[in-house]
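Each chain gets a letter, A, B and so on, in the order the sequences are listed, and its residues count up from 1.
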Amino acid sequence: MLDMKFIREHPEIVEEAIESKGEGDVDVQELLEADAAWRACTTELESLRALRNETSKAIGKRKKAGEDADDMILRMREVNEEIARLEGETQGLQSFMDTTLALIPNIPHPDVPRGIDEDDNVEVARWGEPRVFEFEPLAHWDLGVNLGILDFERASKITGARFSILRGAGALLERALICYMMDLHAVDHGYEEVIPPYLVNRDSMFGTGQLPKFEDDAFRVDRQDYFLVPTAEVPVTNMYRNEMLSATDLPLKMVAYSACFRAEAGAAGRDTRGLIRQHQFNKVELVQYTLPENSYEAFEDMRSQAEVVLRRLQLPYRVLSMCTGDMGFAQSKKYDLELWMPSYGDYVEISSISNFEDFQARRANLRFRRERDARPEFVHTLNASGLAVGRTTAAILENYQNPDGTVSVPEVLRPYMRGMDLIGNPLA
RNA sequence: GGAGGGGUGCCGGAGUCUGGCUGAACGGAACGGUCUUGAAAACCGUCGAGGGUACUGCCCUCCGUGGGUUCGAAUCCCACCCCCUCCGCCA
């Protein structure tokens with residue numbers, strides 16, 4: 001959410017942002033008119049309320065003195081009619097403004113490449129070389145099924161399409177990745193470890209920007225109006241909603257594991273095989289709250305912290321700077337990390353690193369004070385996948401496969417897998 | 001799921017029966033000052049947020065949330081949410 005004052009003073013910047021992000025359905029001029037009308041209305045309303053307050057006190061005094069106050073009461077009844085009328089008008093304008101404000105996207109950082117869609121994203125780094133296979137490599141969905149560690153058929157029986165069962169060494173690998181990532185970020189990178197609720201309320205979904213625009217992408221629990229979290233970003237960024245932090249609390253760094261649930265209403269038909277696009281997947285997520293002046297430094301830190309995971313797993317990847325049209329509603333700047341997936345013959349998104357500046361903080365009312373008497377300011381919030389676990393599992397299966405259909409276990413994961421170095425060991 | 005109790009400012013806690021002078025007593029914490037070689041103690045003072053504006057001022061709103069009654073509500077009425085205790089159930 002943007003600050004109404006900012007919009008009032010810089011409507012052209014806001015219009016430019018809406019345009020560059022392809023969110024063409026918001027009329028800034030109309031909003032400005034509503035804002036002006038709201039302020040006029042409010043001023044009038046408040047002066048009438050002041051009159052009523054003052055008169056009511058006078059009435060109290062008269063009554064106490066045993067005097068008659070019927071004339072004043074009668075007059076206030078008339079004033080109240082006018083107040084009610086103005087209140088209705090003010091509320092109407094207010095709710096129009098709230099609705100409109102909630103649909104205005106964040107303003108892209110000046111460094112962000114301008115563009116329409118994913119073709120305009122800019123590659124800013126690349127690490128590792130895609131492996132050249134001396135045999136015909138299998139896709140992870142074939143490999144995993146052959147090894148008996150992935151079971152899609154039974155998952156669709158017990159739930160439905162786009163769910164999967166990990167079993168045996170597959171489940172162990174997934175769990176090892178979660179533990180490895182959590183340890184790395186908690187111990188080496190200084191994040192507090194968190195396991196949040198997987199169901200959140202509507203206010204939380206609004207706070208991080210999933211609502212109102214993207215309600216169709218989430219799973220909702222009918223009886224409570226709760227949502228299954230699409231990412232741990234939602235519960236963790238909302239942890240300090242409506243709270244006042246002090247500057248010494250910042251930066252606040254949390255690494256959270258959660259299962260993630262996405263309906264992906266618009267994605268039917270894409271990536272239908274394997275683990276790439278599931279309704280439920282595991283993710284380790286980094287979240288930071290920072291001082292406004294430090295958020296871009298933290299942003300780069302988080303990018304490199306996510307990269308470390310891929311490097312230690314020896315998985316080739318590249319880094320994209322997302323263009324304005326592809327970066328999302330709430331972000332100011334965003335990188336995507338994509339790792340090499342042999343079955344796709346291409347790079348596949350494994351992490352996205354986002355700086356929201358104060359956009360989420362304003363929605364969720366996340367504030368801090370620099371000094372005891374200083375006025376409250378909004379923190380900056382950031383997050384990064386560190387990483388999406390299911391896709392990492394898929395990439396390990398594919399990139400570490402051997403000609404005999406077994407899969408070597410990356411060095412760093414072996415301690416987390418009871419020393420296992422090969423999945424599907426023919427001797428076992 | 002059943003039965004009670006409760007949600008007030010940074011914290012604790014009055015006020016709610018008997019609506020007005022209560023944006024809120026009192027205590028604590030914190031901050032500034034006096035005193036002191038320094039500190040403690042004592043004393044004095046400050047001490048919520050958001051918004052409007054004719055803005056070194058004035059005004060409005062907020063006592064869990066949303067409605068209602070009234071000239072006027074923290075206080076009365078209705079609905080909902082959350083927390084605590086006991087019982088039941090349960091990993």
Side-chain angles (χ1 to χ4, degrees), chain A residues 1-9 31-102 195-207 211 220-227 235 238-250 252 259 358 360-379:
Chain A
M1 191 148 58
L2 299 180
D3 183 5
M4 192 61 228
K5 265 186 196 143
F6 179 86
I7 298 173
R8 211 181 281 152
E9 284 157 23
L31 177 63
L32 289 174
E33 284 163 25
D35 174 56
W38 178 84
R39 281 182 295 151
C41 235
T42 298
T43 304
E44 197 182 340
L45 174 62
E46 287 183 355
S47 71
L48 285 180
R49 287 212 272 233
L51 172 66
R52 181 177 68 186
N53 289 344
E54 203 182 335
T55 312
S56 292
K57 278 183 190 169
I59 292 170
K61 274 180 192 156
R62 278 209 198 172
K63 293 226 162 177
K64 202 136 247 175
E67 296 167 22
D68 176 81
D70 289 353
D71 57 327
M72 286 175 135
I73 290 173
L74 245 49
R75 210 161 354 111
M76 284 307 103
R77 284 195 183 142
E78 283 166 30
V79 168
N80 272 341
E81 277 173 32
E82 182 65 4
I83 286 177
R85 188 185 67 75
L86 285 166
E87 276 174 347
E89 199 171 330
T90 310
Q91 275 165 22
L93 290 163
Q94 183 73 61
S95 75
F96 170 77
M97 282 161 54
D98 287 345
T99 316
T100 308
L101 276 171
I195 297 182
Y198 297 171
L199 289 169
V200 295
N201 59 33
R202 194 167 274 279
D203 287 345
S204 294
M205 290 289 276
F206 180 86
L211 298 182
R220 192 168 66 84
V221 178
D222 279 345
R223 53 172 293 196
Q224 288 279 353
D225 200 31
Y226 287 166
F227 295 84
N238 277 282
M239 273 171 64
Y240 291 86
R241 172 148 49 84
N242 293 328
E243 292 194 34
M244 187 75 72
L245 298 162
S246 74
T248 53
D249 296 326
L250 303 173
L252 218 57
D358 64 4
Q360 291 181 328
R362 189 167 269 116
R363 290 182 152 235
N365 195 220
L366 304 169
R367 295 174 302 166
F368 76 102
R369 255 190 247 277
R370 290 181 192 274
E371 304 287 340
R372 210 186 104 71
D373 296 317
R375 68 179 208 293
E377 296 176 56
F378 291 106
V379 303

Checklist outcome for this item: Smallest heavy-atom separation, F206(A) atom then A102(A) atom, equals CE1-CB, 3.8 Å
Item to check | Between S204(A) and N201(A): side-chain donor-acceptor atoms closer than 3.5 Å | outcome: yes
Checklist entry - With rounding to whole Å, what would you report as the distance between G9(B) and G66(B) at their P atoms? => result 15 Å
Checklist entry - Contact class for R62(A) vs. all strands (heavy atom < 4.0 Å): base, sugar-phosphate, or nothing? => result nothing
Checklist entry - Hey, is the side chain of N201(A) poking within less than 4.0 Å of OP1 or OP2 on C81(B), counting only N and O atoms? => result no
Checklist entry - Of W38(A) and G60(A), whose nearest nucleotide on RNA chain B comes first from the 5' end? => result G60(A)
Checklist entry - Mind checking whether I7(A) and L31(A) have side chains closer than 4.5 Å, heavy atoms only? => result yes
Next on the checklist: Measure CZ/R369(A) against P/C31(B) and give the value in whole Å, please.
Outcome noted: 15 Å
Checklist entry - Knowing that exactly one of E44(A), E87(A), R52(A) qualifies, which makes a side-chain contact (heavy atoms from CB on, under 4.5 Å) with E82(A)? => result E44(A)
Checklist entry - Between C71(B), U53(B), A49(B), which nucleotide has the shortest distance from any of its atoms to the side chain of R52(A)? => result C71(B)
Next on the checklist: Given G20(B), U61(B), G52(B), identify the nucleotide with an atom nearest to the side chain of K63(A).
Outcome noted: G20(B)
Item to check | Rounded P spacing from G19(B) to C76(B) in Å | outcome: 9 Å
Checklist entry - C62(B) C1' sits how many Å from N53(A) CG, rounded? => result 13 Å
Checklist entry - Which whole number of Å gives the distance between the P atom of G57(B) and that of C71(B)? => result 36 Å
Checklist entry - Whole Å only: how far is the CD atom of E243(A) from the P atom of G9(B)? => result 14 Å
Next on the checklist: Given C71(B), G52(B), C60(B), identify the nucleotide with an atom nearest to the side chain of I59(A).
Outcome noted: C71(B)
Next on the checklist: I'd like to know if D35(A) pairs up with K5(A) as an ion pair, taking the criterion as any Lys NZ or Arg NE/NH1/NH2 lying under 4.0 Å from an Asp or Glu carboxylate oxygen.
Outcome noted: no
Checklist entry - Quick one: stems for RNA chain B, with Watson-Crick or G-U pairs under 3.5 Å, at least three in a row? => result B:1-7 with B:81-87, B:10-12 with B:26-28, B:30-34 with B:42-46, B:48-53 with B:57-62, B:64-68 with B:76-80
Item to check | U16(B) to G7(B) separation - C1' atoms, rounded to the nearest Å | outcome: 13 Å
Item to check | Inter-nucleotide C1' distance (C63(B), A24(B)), Å rounded | outcome: 8 Å
Item to check | Short side-chain N/O contact from R49(A) to OP1 or OP2 of C59(B), under 4.0 Å | outcome: no
Item to check | C1' atoms of U8(B) and A49(B), separation to the nearest Å | outcome: 15 Å
Checklist entry - Rounded to whole angstrom units, what separation is found between the CZ atom of R39(A) and the C1' atom of C60(B)? => result 16 Å
Checklist outcome for this item: In short, L211(A) meets R363(A) closest at the heavy-atom pair O-NH1, 3.0 Å
Checklist entry - Can you check salt bridge (charged side-chain N to carboxylate O under 4.0 Å, His left out) on E89(A) and R85(A), steps first, answer last? => result CA-CA 6 Å; E89(A) 199 171 330; R85(A) 188 185 67 75; 3.2 Å; yes
Item to check | Atom-pair distance (CG on D98(A); C1' on G50(B)), nearest Å | outcome: 14 Å
Next on the checklist: Quick check for you: among C60(B), C82(B), G20(B), whose closest atom lies nearest to any side-chain atom of Y226(A)?
Outcome noted: C82(B)
Checklist entry - Rounded to whole angstrom units, what separation is found between the CD atom of Q94(A) and the P atom of C60(B)? => result 19 Å
Checklist entry - Across the strands shown, which category fits K61(A) at heavy-atom distances under 4.0 angstrom: base, sugar-phosphate, nothing? => result nothing
Checklist entry - How far, in whole Å, is G28(B) from C44(B) if one measures between their P atoms? => result 12 Å
Checklist entry - Could you state the CD-P distance from E46(A) to C55(B), rounded to the nearest angstrom? => result 16 Å
Checklist entry - Roughly, in whole Å, what's the span from CG in N242(A) to P in C10(B)? => result 13 Å
Next on the checklist: Against the six-membered ring of Y226(A), is R220(A) placed for a cation-pi contact (under 6.0 Å from the centre, within 45° of the normal)?
Outcome noted: no
Checklist entry - To the nearest 0.5 Å, what is the distance between CZ (R62(A)) and CD1 (I59(A))? => result 8.0 Å
Checklist entry - Does the pair E46(A)/R49(A) count as a salt bridge with the N-to-O cut at 4.0 Å? => result no
Checklist entry - Does the pair E377(A)/R370(A) count as a salt bridge with the N-to-O cut at 4.0 Å? => result yes
Item to check | CA sep, side-chain torsions, deciding dist, call: N238(A), R241(A), side-chain hydrogen bond (donor to acceptor under 3.5 Å, both in side chains) | outcome: CA-CA 5 Å; N238(A) 277 282; R241(A) 172 148 49 84; 2.8 Å; yes
Next on the checklist: Near RNA chain B, counting only heavy atoms under 4.0 Å, which residues of residues 74-93 of chain A show up?
Outcome noted: M76(A), R77(A), N80(A)
Checklist entry - Starting at the 5' end of RNA chain B, which residue's closest nucleotide do you reach first, D3(A) or S56(A)? => result S56(A)
Checklist entry - Just checking D70(A): base, sugar-phosphate only, or nothing, at a heavy-atom cut-off of under 4.0 Å? => result nothing
Checklist entry - In whole Å, what separates the P atom of U70(B) from that of A14(B)? => result 32 Å
Item to check | Nucleotide nearest K5(A) when distance is taken to its side chain, options C71(B), G52(B), C60(B) | outcome: G52(B)
Next on the checklist: If you compare every side-chain N and O of R375(A) against the phosphate oxygens of A49(B) (OP1, OP2), does one of them come in below 4.0 Å?
Outcome noted: no
